[in-house]
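Down below is the structure, laid out as structure tokens.
Below, chains carry the letters A, B, ... as their sequence lines are ordered, and counting in each starts from 1. These numbers come from the heavy atoms of this one structure, side chains and all, not from hydrogens, waters or symmetry mates. Only a predicted model underlies this, so the values are computations on that prediction, with no experimental measurement involved.
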Amino acid sequence: MKNLEIAKILRMIALYLEMKDVPFKPQAYEKAAYSIEALDEDIEEFIRRNGEEKLKELPGIGESIAKKIIEYIETGKIKELENLKKEVPVDIENLTAIEGIGPKIVYKLYKALKIKDIKDLEKACLEHKIRKLPGFGEKSENKILQSINLFKQGTGRFVLGFIIPIVEELVLFLKDSKYVSQISPCGSYRRRKETIGDIDILATSKNKEKVIDYFLTFKEIDHIYAKGPTKAMIRLKNGLDVDLRVVEEKSFGAALLYFTGSKDHNVAIREIAIKKGYKLNEYGLFDKNNKMIAGKTEEEIYKKLDLQFIPPEIRENQGEIEAAKKNKIPKLIEYGSIKGDLQVQTNWTDGQDSIEKMAKEAIKLNLKYICITDHTQSLAITGGLDEKKLLSQMQEIDKLNSKFKGRIKILKGAEVNILKDGKLDIKDEILAKLDFVGAAIHSHFDLPKDIQTERIKKALANPHVDCLFHPTGRIINKRAPYEIDIDEIIEFAKKNNKILEIDAYPNRLDLKDEHIRKCIQKGVKMVIDTDAHSTVHLNFLDLGVAQARRGWARAEDILNTKEELKF
DNA sequence: GCCGTTTTCGGCCCGACTGTTTTCAGTCG
């Protein structure tokens with residue numbers, strides 16, 4: 001899969017062009033890069049299937065970039081980029097990743113001091129060579145040095161579910177300030193993306209500077225990048241960068257829209273505004289006479305643009321604007337609407353808490369049912385259950401069910417391990433006694449795509465299996481998904497009436513949003529589970545809901561929005 | 001370099017902040 005590779009290379013060309021101050025082309029390459037990245041099919045596969053000509057039908061890709069993509073696929077290189085690299089041989093990718101360094105500075109530094117990479121840059125700073133250059137000074141030199149240090153300890157992208165607590169704490173802290181009237185996180189955090197680069201927080205206040213000052217007293221701040229009268233940028237001790245922006249009450253909606261993004265969504269709705277003769281920016285929607293006609297809420301802005309309100313989770317310019325024009329945005333599944341969790345591990349295997357404790361916690365969370373799905377025997381590392389232990393767990397569940405009668409229903413289940421050959425490691429007659437069976441892969445991740453796909457289909461074909469757990473096996477920031485033909489599996493699930501899971505565990509979120517959309521198109525039902533290994537994990541259900549919303553799911557697409565289930 | 005219910009040519013989102021300037025260039029989102 002060369003999509004990301006090609007996107008990266010197109011971005012590199014963009015940087016080089018920007019370096020030379022070439023107008024407009026950089027954005028064009030940027031846009032093309034995004035387009036390739038957003039493509040959910042292998043680009044080579046795409047070309048094989050549709051022909052090279054069809055490349056030009058992808059947004060942002062025309063004659064010239066299409067040729068370059070093909071050149072890259074055929075030769076592994078793009079001549080133009082090679083020439084640019086030869087002319088200015090710098091590690092432009094990493095250098096521009098340093099906060100405050102852009103392509104123009106990279107060029108200046110290369111011309112003046114032959115700085116090629118971060119190491120050279122750091123050395124030049126330490127030798128005080130930067131401050132002597134025109135346009136630079138002592139301050140900028142120190143700042144670069146600081147940014148290099150921050151880059152070195154930089155933590156990359158954060159998994160959404162793991163940073164929610166600190167962001168909520170910060171928002172509460174700001175709310176406590178008597179100067180803040182409205183406040184909301186924006187950006188990819190509000191869009192509930194799987195991973196977050198940095199956090200944008202938007203507030204309104206009659207006394208903006210006071211809010212900024214108060215913000216900078218937050219105890220978890222490690223570093224202040226910038227501070228102005230309406231905006232400040234900081235890094236938290238955990239490495240997360242946070243921007244705070246304070247605007248007027250009347251602009252809150254416009255700013256919320258603007259800072260929530262995505263960038264592509266913004267550009268698209270701004271274009272709609274322009275076509276109507278309006279101007280849209282973070283302060284509001286303005287008519288020809290520069291009179292503000294909307295801005296206090298996002299709703300009124302969408303309305304003035306003749307668009308249905310678009311929930312933040314689907315603002316990716318992936319068809320939502322066209323849908324909103326036609327009033328065809330579906331009613332997305334709502335937070336808090338999951339009635340039961342169908343993947344729960346306990347201390348019978350690798351979970352921390354007992355069935356009883358998990359059930360009590362689930363009652364607190366207002367769930368109507370949970371399904372106990374401990375691992376099975378071949379997953380030795382977890383102490384997986386064999387047939388005998390499964391039977392005794394069932395007895396235990398019966399006992400607890402009579403104890404909790406009316407408060408919660410505990411379902412009998414298992415996360416059955418799929419063996420290398422696609423067989424399951426528990427006998428059918430035992431599986432038949434369970435209420436709900438999820439099958440999952442925990443080994444042989446690297447089988448070839450067709451074999452892996454067949455393996456999964458074979459497991460799903462077992463009449464006792466209801467659901468495929470964490471279907472692609474990816475672990476965000478840690479493990480790539482195993483190679484499978486997801487379309488074939490979705491097709492198979494449809495034909496055989498099987499369920500696919502949306503595993504809500506923060507670094508799984510598996511299925512991905514685009515898979516969820518495919519399931520909906522095909523009419524394949526899904527469930528949202530937490531994959532809880534302790535009571536606190538049961539709180540992750542809404543992360544799964546966010547994931548489902550990003551995949552345009554409605555309540556009827558997700559089975560465990562129902563009060564009762566039959567399998 | 002891309003794109004088209006104002007266009008196949010002439011537009012491309014735009015404002016805040018910083019540092020080094022004395023009116024602006026560069027970066028960022």
Side-chain angles (χ1 to χ4, degrees), chain A residues 10 13-19 21-35 55-69 78 80 95-109 130-144 146-147 186-189 196-202 208-209 212 224-234 241-247 251 254-255 257-286 306 317 325:
Chain A
L10 293 173
I13 297 177
L15 285 170
Y16 268 111
L17 294 171
E18 219 172 307
M19 171 188 274
D21 216 12
V22 178
F24 305 114
K25 287 192 191 183
Q27 293 95 303
Y29 277 97
E30 222 10 87
K31 207 172 168 193
Y34 186 85
S35 185
L55 264 184
K56 285 189 267 181
E57 280 176 28
L58 294 173
I61 294 176
E63 186 74 41
S64 165
I65 293 184
K67 257 194 208 147
K68 291 195 173 77
I69 291 173
I78 293 176
E80 191 178 323
L95 281 170
T96 52
I98 306 269
E99 171 85 21
I101 303 268
K104 301 223 169 63
I105 289 184
V106 170
Y107 194 35
K108 277 187 193 171
L109 293 175
I130 305 282
R131 63 176 68 178
K132 296 185 189 119
L133 298 175
F136 293 83
E138 197 178 330
K139 264 193 180 167
S140 39
E141 186 179 84
N142 286 335
K143 222 177 154 184
I144 291 172
Q146 231 171 5
S147 295
C186 327
S188 50
Y189 181 86
I196 307 295
D198 57 15
I199 301 287
D200 304 291
I201 298 178
L202 178 71
K208 303 194 189 83
E209 296 196 40
I212 298 290
I224 298 171
Y225 294 108
K227 168 190 188 278
T230 66
K231 181 182 172 181
M233 296 162 68
I234 58 122
D241 290 341
V242 182
D243 293 1
L244 174 68
R245 183 72 179 253
V246 193
V247 299
S251 296
L257 189 62
Y258 182 87
F259 291 112
T260 296
S262 67
K263 202 174 163 183
D264 275 29
H265 179 87
N266 284 355
V267 170
I269 58 172
R270 200 174 286 214
E271 274 164 16
I272 291 176
I274 291 168
K275 276 183 193 139
K276 289 189 186 295
Y278 301 152
K279 187 181 83 169
L280 178 64
N281 60 25
E282 63 258 58
Y283 297 108
L285 182 65
F286 301 89
D306 293 320
N317 198 19
K325 277 183 192 163

Could you give the distance separating dT20(B) and dC9(B) at their C1' atoms, to the nearest angstrom? 40 Å

Quick one: do the Lys68(A) and Ser64(A) side chains pair a donor with an acceptor below 3.5 Å? yes

Taking atom P of dT27(B) as reference, at what distance in whole Å does atom CE of Met19(A) sit? 10 Å

Using a heavy-atom cut-off of 4.0 Å across all strands, would you classify Pro59(A) as base, sugar-phosphate, or nothing? sugar-phosphate

Quote, to the nearest angstrom, the P distance that separates dT6(B) from dG11(B). 16 Å

Roughly how far apart, to the nearest Å, are dT22(B) and dC13(B) at atom P? 32 Å

All N/O pairs under 3.5 Å across the protein-nucleotides 13-17 of chain B interface:
residue: dC13(B); atom: O2; partner: Arg270(A); partner atom: NH1; Å: 2.9
residue: dC13(B); atom: O2; partner: Arg270(A); partner atom: NH2; Å: 3.4
residue: dC14(B); atom: O4'; partner: Arg270(A); partner atom: NH1; Å: 3.4
residue: dA16(B); atom: OP1; partner: Tyr283(A); partner atom: OH; Å: 2.7
residue: dA16(B); atom: O3'; partner: Thr230(A); partner atom: OG1; Å: 3.4
residue: dC17(B); atom: OP1; partner: Thr230(A); partner atom: N; Å: 3.1
residue: dC17(B); atom: OP1; partner: Thr230(A); partner atom: OG1; Å: 3.0
residue: dC17(B); atom: OP1; partner: Lys231(A); partner atom: N; Å: 3.1

Send over the distance from Lys104(A) NZ to dA25(B) C1', rounded to a whole Å. 8 Å

Does any N or O in the side chain of Ser35(A) come within less than 3.5 Å of the main-chain N or O of Lys31(A), such that one atom is a donor and the other an acceptor? no

Reckon Lys56(A) has a side-chain N or O less than 4.0 Å from the OP1 or OP2 of dC2(B)? no

CD1 of Ile201(A) versus C1' of dG29(B): gap in Å, rounded? 15 Å

What integer distance in Å separates Asn266(A):CG from dC12(B):P? 17 Å

Can you list everything that forms a ring-ring contact (aromatic ring centres under 6.0 Å, His included) with Tyr107(A)? Sequence neighbours excluded, please. none

Say we look at dG15(B) and dG10(B): how far apart would their P atoms be, to the nearest angstrom? 26 Å

pair_partner(dC3(B)), Watson-Crick or wobble, both distances < 3.5 Å, evaluates to dG10(B)

Expressed as a whole number of Å, how far does the P atom of dT7(B) sit from that of dG1(B)? 25 Å

Suppose you measure atom P in dT23(B) against the same atom in dG29(B); what distance do you get, rounded to whole Å? 29 Å

With heavy atoms under 4.0 Å as the rule, sort Lys68(A) into base, sugar-phosphate or nothing. sugar-phosphate

Carboxylate-amine/guanidinium proximity below 4.0 Å for Asp243(A) and Lys231(A): no

Mind checking side chain to side chain contact (heavy atoms under 4.5 Å, CB included) for Ala254(A) and listing every partner two or more places apart, or none if nothing turns up? Ile301(A)

Partners meeting side chain to side chain contact (heavy atoms under 4.5 Å, CB included) with Gln146(A) (sequence neighbours left out): His223(A)

Residue whose closest nucleotide on DNA chain B lies nearer the 5' end, Leu58(A) versus Gly135(A): Leu58(A)

Measuring to OP1 and OP2 of dT18(B), would you say a side-chain N or O of Ser140(A) lies under 4.0 angstrom away? no

Nearest-Å distance for atom pair CZ/P, residues Phe24(A) and dC12(B): 7 Å

In whole Å, what separates the C1' atom of dT8(B) from that of dC2(B)? 12 Å

Please list, chain by chain and in numerical order, all residues satisfying salt bridge (charged side-chain N to carboxylate O under 4.0 Å, His left out) with Glu18(A), sequence neighbours excluded. none

Ile65(A), nearest nucleotide to its side chain (from dC12(B), dC2(B), dG29(B)): dC2(B)

Give me the distance, rounded to whole Å, that separates dT21(B) from dC17(B) when you measure between the C1' atoms they each carry. 15 Å

Options dT20(B), dG26(B), dG1(B), nucleotide nearest the side-chain atoms of Ile105(A): dG26(B)

How is Glu18(A) classified with respect to the nucleic acid when contacts are heavy atoms under 4.0 Å: base, sugar-phosphate, or nothing? nothing

Heavy atoms under 4.0 Å, any strand shown: does Ile269(A) hit a base, just sugar-phosphate, or nothing? nothing

Nucleotide dG19(B), atom C1' - distance to CG of Leu133(A) in whole Å: 14 Å

Between dC2(B), dG29(B), dG26(B), which nucleotide has the shortest distance from any of its atoms to the side chain of Asp243(A)? dG29(B)

Let me know, please, whether Ile101(A) or Lys139(A) comes out on the 5' side of the other along DNA chain B by nearest nucleotide. Lys139(A)

Specify the separation, in whole Å, of atom NZ of Lys275(A) and atom P of dC3(B). 13 Å

A quick test of your reading: do over 12 heavy atoms of other residues, nucleotides or ligands sit less than 6.0 Å from NZ of Lys56(A)? yes

Atom CG of Leu55(A) and atom P of dC2(B) are separated, to the nearest Å, by 11 Å

Classify Asp198(A) by what it touches in the nucleic acid, base, sugar-phosphate, or nothing, heavy-atom distance under 4.0 Å. sugar-phosphate

Qualifying side-chain hydrogen bond (donor to acceptor under 3.5 Å, both in side chains) pairs with a residue from residues 257-266 of chain A, counting only residues at least two apart or across chains: Arg190(A)-Thr260(A), His265(A)-Tyr302(A), His265(A)-Glu320(A)

